[in-house]
Amino acid sequence: QVQLVESGGGLVQAGGSLRLSCSTSGRTFSNYGMGWFRQAPGKEREFVAAISWNGRSTVYADSVKGRFTISRDNAKNTVYLQMNSMKPEDKAVYYCAAGGTAWAERNGAQYDYWGQGTQVTVSS
């Protein structure tokens with residue numbers, strides 16, 4: 001079993017930055033691809049970014065490409081999401097997920113484990 005705990009959410013002004021962290025425990029973190037997803041009120045959960053087990057492969061949603069950066073530190077069992085140039089439409093609950101595969105997956109169905117989420121609010 002893998003436990004995921006997100007942190008770093010909060011309130012930020014448009015144009016500002018936040019860094020989310022997702023710390024993991026349980027099975028070997030470095031074996032898994034990791035992803036970030038988000039869900040805004042009244043909307044379906046959507047893919048944000050993903051990273052492969054070794055950090056060498058990353059993928060992003062078009063809406064965040066060039067603004068957000070996903071990274072991981074396998075020694076600390078933690079994955080990060082650096083969010084810059086934030087926009088009001090980035091407001092959502094952000095979830096990290098650990099894969100059933102070692103790769104950077106866009107499809108949420110590929111992930112076996114999910115955190116509880118952290119709220120991000122962007123004021124205009």
Side-chain angles (χ1 to χ4, degrees):
Q1 194 75 350
V2 175
Q3 291 79 43
L4 309 176
V5 179
E6 303 96 336
S7 62
L11 173 64
V12 64
Q13 288 188 334
S17 298
L18 280 177
R19 187 174 82 154
L20 304 183
S21 299
C22 175
S23 50
T24 72
S25 60
R27 297 174 67 180
T28 306
F29 169 80
S30 59
N31 290 346
Y32 294 105
M34 301 289 294
W36 285 98
F37 293 76
R38 67 187 181 186
Q39 188 168 19
K43 296 187 177 181
E44 294 187 352
R45 183 183 67 195
E46 66 174 357
F47 168 75
V48 176
I51 189 167
S52 62
W53 68 278
N54 58 3
R56 292 179 181 175
S57 177
T58 57
V59 292
Y60 296 92
D62 288 344
S63 59
V64 307
K65 198 174 297 183
R67 300 188 298 120
F68 291 9
T69 303
I70 188 171
S71 61
R72 66 189 296 161
D73 185 339
N74 285 349
K76 296 182 178 180
N77 294 337
T78 302
V79 64
Y80 304 97
L81 185 68
Q82 178 66 44
M83 305 185 291
N84 298 329
S85 303
M86 296 187 70
K87 304 176 180 180
E89 52 263 42
D90 293 322
K91 174 183 176 180
V93 177
Y94 283 71
Y95 300 90
C96 71
T101 81
W103 311 111
E105 304 282 359
R106 294 177 177 269
N107 184 351
Q110 295 291 336
Y111 293 90
D112 293 335
Y113 306 102
W114 294 82
Q116 293 299 307
T118 185
Q119 176 70 51
V120 171
T121 302
V122 185
S123 63
S124 56

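Residue pairs meeting the disulfide bond (SG atoms under 2.5 Å apart) criterion with at least one member in residues 36-124, sequence neighbours excluded, are Cys22-Cys96. Contacts classified as disulfide bond (SG atoms under 2.5 Å apart) and involving residues 36-79 (residues at least two apart or in different chains) are not found.
Residues Ile70 and Arg72 fail the side-chain proximity criterion, which asks for heavy atoms closer than 4.5 Å. Counting heavy atoms from C-beta on, the side chains of Thr118 and Tyr94 come closer than 4.5 Å. The side-chain heavy atoms of Val120 and Val122, taken from C-beta on, include a pair separated by under 4.5 Å. Annotation: side chain of Tyr95 is not in contact with side chain of Leu4 (no heavy-atom distance under 4.5 Å). Arg38 is listed as a side-chain neighbour of Ser63, based on a closest heavy-atom distance under 4.5 Å. Looking at Tyr60 and Arg67, their side chains never come closer than 4.5 Å, going by heavy atoms from C-beta outward. Looking at Val12 and Met83, their side chains never come closer than 4.5 Å, going by heavy atoms from C-beta outward. Between Tyr32 and Thr24 the shortest side-chain heavy-atom distance does not fall below 4.5 Å.
Here the closest heavy-atom approach between residue Ala104 and residue Ser57 is recorded as CB-O, 3.8 Å. Closest heavy-atom contact between Leu81 and Ala49: CD1-CB, 4.2 Å. Taking every heavy atom of both residues into account, Leu20 and Trp36 meet most closely at CB-CH2, 3.7 Å. Across Phe29 and Val79, no two heavy atoms sit closer than the pair CZ-N, 4.1 Å. Smallest separation of non-hydrogen atoms from Glu105 and Ala50: O-CB, 3.5 Å. Contact detail for Ile51 and Ser71: the closest heavy-atom pair is CD1-CA, 3.7 Å.
Around atom CD of Gln39, more than 12 heavy atoms belonging to other residues, nucleotides or ligands sit under 6.0 Å away. Counted within 6.0 Å of CD on Gln13, heavy atoms from surrounding residues, nucleotides or ligands total 12 or fewer; the atom is thus considered open.
Neither Val59 nor Val48 shares a network with the other; the hydrophobic side chains, linked directly or stepwise wherever heavy atoms of I, L, V, M, F, W or Y lie under 4.5 Å apart, form separate groups for each. There is a path of hydrophobic side-chain contacts, each under 4.5 Å, that joins Met86 to Val64.
Note on Lys65 versus Asp62: salt bridge recorded, some NZ/NE/NH1/NH2 to OD/OE distance being below 4.0 Å.
A distance below 6.0 Å separates the ring centres of Trp114 and Phe37.
Asp90 places no side-chain N or O within 3.5 Å of a backbone atom of Ala14 that could act as its donor or acceptor partner. In terms of modelled atom types and a separation under 3.5 Å, the side chain of Glu6 and the main chain of Gln116 share a donor-acceptor contact. Not one N or O on the side chain of Tyr111 forms a donor-acceptor pair closer than 3.5 Å with the backbone of Gly33. Not a single donor-acceptor pair under 3.5 Å links the side chain of Thr78 to the backbone N or O of Asp73.
Remark: Asn77 CG to Met34 CE distance equals 9.5 Å, nearest 0.5 Å.
Not a single salt bridge (Lys or Arg N to Asp or Glu O under 4.0 Å) links Arg106 to another residue, sequence neighbours left out.
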Walk me through whether Trp103 and Gln110 qualify under side-chain contact (heavy atoms from CB on, under 4.5 Å).
CA-CA 10 Å; Trp103 311 111; Gln110 295 291 336; over 6 Å; no
